[in-house]
2 protein chains.
Amino acid sequence: MMDEKHPLVPNDEIIYDMAELFKIFGDTTRIKILCALFLKEMCVSEITEEVGMTQSAVSHQLRILRHFRLVLLRRKGRLSYYSIGDNHVKKIFLMAMEHTQEP
Amino acid sequence: MMDEKHPLVPNDEIIYDMAELFKIFGDTTRIKILCALFLKEMCVSEITEEVGMTQSAVSHQLRILRHFRLVLLRRKGRLSYYSIGDNHVKKIFLMAMEHTQEP
DNA sequence: TGAACGCATGAACAAGTATTCATGCGTTCA
DNA sequence: TGAACGCATGAATACTTGTTCATGCGTTCA
């Protein structure tokens, strides 16, 4: 009476959430931003300089990262400081690097 | 003399490879396929049944997973058996599930 | 050998998305 | 107070990508 479902595959909501998270990580600009923030909190112009994209592109991506709580925002005067908002990200990135660096 | 580069962010090739890997994980069909294969090797029709997609869609995605060596193919008669081809995937998925299951 | 089966794949279409451009809003400072 | 600055954001565009549909190829078996 349990084999009407598909026990091998997690339920749709979990699958969907996982896919959403990985989609966010599937963009070079967002990866660069997160990597930059791993070391320290930075304002937008610093991030822009670090990742080598336009300020507009960076702001758009920061908005997405913010929405999924992967970065945190702190305002100080006319500056916006961003920092890493999640502890799992670094671990997941390190594991992905392990994979991609293999022969 | 080292500050002409951007030491916070890994080089472009690493970033690109990471993004490619995450893009692959950023699709519900591919996640379902990989989750199904975590338990055991399966042929295409079994996978198709398990993930609830058309055979064509599954085959297309298996081609991508194969190309990135995330699954392995073994032919036996007119059946194609697929299995997990990478040890990191399961760990990465578990970590992603940890993240998405948080409040 | 020929038909049924299992699977792969190219083309076409639809949907999602990252960047650029232009602009607006709030803050600072002369 | 008004101009410069830092940042956010909407619209438009170009591009990527997942599914469907149709079909082809190799294997099995009657």
Side-chain angles (χ1 to χ4, degrees), chain A residues 9 12 15-37 40-83 85, chain B residues 9 12 15-37 40-83 85:
Chain A
V9 177
D12 284 354
I15 297 289
Y16 180 84
D17 290 344
M18 286 177 63
E20 278 225 313
L21 182 64
F22 285 130
K23 276 182 195 168
I24 295 174
F25 294 157
D27 176 75
T28 55
T29 301
R30 287 192 289 264
I31 294 179
K32 286 178 186 174
I33 292 174
L34 290 169
C35 284
L37 294 179
K40 58 170 181 175
E41 184 187 57
M42 297 172 73
C43 68
V44 176
S45 60
E46 288 177 299
I47 299 172
T48 298
E49 162 98 9
E50 197 66 38
V51 306
M53 307 285 295
T54 67
Q55 176 266 315
S56 180
V58 169
S59 271
H60 277 294
Q61 299 311 326
L62 282 170
R63 187 185 201 288
I64 295 174
L65 293 171
R66 227 165 56 216
H67 179 257
F68 287 92
R69 301 185 188 275
L70 294 171
V71 299
L72 299 175
L73 169 60
R74 175 176 72 91
R75 294 192 194 271
K76 177 82 173 179
R78 58 186 173 190
L79 297 178
S80 294
Y81 287 100
Y82 284 90
S83 58
Chain B
V9 177
D12 285 353
I15 296 289
Y16 181 83
D17 290 344
M18 285 179 63
E20 279 225 314
L21 182 64
F22 286 131
K23 275 181 195 169
I24 295 174
F25 294 157
D27 175 75
T28 54
T29 301
R30 288 192 288 266
I31 294 179
K32 286 178 187 174
I33 291 174
L34 291 169
C35 285
L37 294 178
K40 58 169 182 176
E41 185 187 56
M42 296 172 72
C43 68
V44 176
S45 60
E46 287 177 300
I47 299 172
T48 299
E49 162 98 7
E50 197 64 38
V51 306
M53 307 287 294
T54 67
Q55 176 266 315
S56 180
V58 169
S59 271
H60 277 294
Q61 299 311 325
L62 282 171
R63 188 186 201 289
I64 296 173
L65 293 171
R66 228 166 54 215
H67 179 257
F68 287 91
R69 302 186 187 273
L70 294 171
V71 299
L72 299 176
L73 170 59
R74 175 177 71 90
R75 293 190 194 273
K76 177 82 172 180
R78 58 187 173 192
L79 297 178
S80 293
Y81 287 98
Y82 284 91
S83 58

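Per chain, numbering begins at 1; letters A, B, ... match sequence-line order. Keep in mind it's a predicted model, so treat the numbers as computed, not measured.
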Need to verify one output field. Residue with the more 5' nearest nucleotide on DNA chain C, B:Ser80 or A:Arg30?
B:Ser80

Any base atoms under 4.0 Å from A:Ser56, or only sugar-phosphate, or nothing? Heavy atoms, all strands.
base

How long is the span from the CG atom in B:Leu70 to the CD1 atom in B:Ile24, to the nearest 0.5 Å?
5.0 Å

Consider side chain to side chain contact (heavy atoms under 4.5 Å, CB included). Of A:Leu34, A:Val44, A:Leu72, which one does A:Tyr82 pass it with?
A:Val44

Quickly work out the B:Ile64 CD1 to C:dA8 P distance and round it to whole Å.
13 Å

What nucleotide among C:dC7, C:dC21, C:dT17 has an atom nearest to a side-chain atom of B:Gln55?
C:dC7

Within the structure, does a side-chain N or O atom of B:Ser45 lie under 4.0 Å from either OP1 or OP2 of C:dG6?
no

Just how far, in rounded Å, is C1' of D:dT9 from CD of A:Gln61?
13 Å

In whole angstroms, the gap separating P of D:dT9 from CG of A:Leu73 amounts to 10 Å

Under 3.5 Å: donor-acceptor pair, side chain of B:Gln61, backbone of B:Val58:
no

When you measure from the side chain of A:Ala57, which nucleotide among C:dT19, D:dT17, C:dC7 comes out closest?
C:dT19

Heavy atoms under 4.0 Å, any strand shown: does B:Ser59 hit a base, just sugar-phosphate, or nothing?
base

Could you please name the partner base of D:dT16, counting Watson-Crick and G-U wobble pairs only when both distances are under 3.5 Å?
C:dA15

To the nearest Å, give me how far apart CD1 (B:Ile31) and P (D:dT17) are.
16 Å

What is the separation between atom CZ on A:Arg63 and atom P on C:dT17, rounded to the nearest whole Å?
14 Å

Are the side chain of B:Glu49 and the backbone N or O of B:Glu46 linked by a donor-acceptor pair below 3.5 Å?
no

Tell me whether the OP1 or OP2 atom of D:dA8 has a side-chain N or O from A:Arg66 closer than 4.0 Å.
yes

Measure the OG-CZ distance between A:Ser59 and A:Arg66 for me, rounded to the nearest 0.5 Å.
8.0 Å

Paired nucleotide for D:dA22 [Watson-Crick or G-U wobble; both distances under 3.5 Å]
C:dT9

When the distance from NZ of B:Lys23 to P of C:dG16 is rounded to whole Å, what number comes out?
18 Å

With sugar-phosphate meaning primed atoms plus P, OP1 and OP2, does B:Tyr82 contact a base, only sugar-phosphate, or nothing at under 4.0 Å between heavy atoms?
sugar-phosphate

Integer-rounded Å distance: C:dC7 P and B:Ile33 CD1:
13 Å

Check whether any side-chain N or O of B:Thr54 sits under 4.0 Å from OP1 or OP2 of D:dT20, and answer yes or no.
yes

Whole angstroms only, please: what is the CD1-P distance between A:Ile47 and D:dG6?
14 Å

B:Arg74 atom CZ, neighbour heavy-atom count above 12 within 6.0 Å:
yes

Expected output: side-chain A:Arg30 to main-chain A:Lys23 donor-acceptor under 3.5 Å
yes

Measure from the side chain of A:His60, starting at C-beta and using heavy atoms only, and say which of C:dA18, C:dT20, C:dA11 lies closest.
C:dT20

The reported gap from CG in B:Asp17 to OG1 in A:Thr28 (rounded to nearest 0.5 angstrom) is 11.5 Å

Return no unless some side-chain N or O of B:Arg75 is found under 4.0 Å from OP1 or OP2 of C:dC7.
no

Is there any protein nitrogen or oxygen under 3.5 Å from a nitrogen or oxygen in nucleotides 25-28 of chain D, and what are the pairs?
none

Sort out the partner of D:dT1 for me: Watson-Crick or G-U wobble, both distances under 3.5 Å, none otherwise.
C:dA30

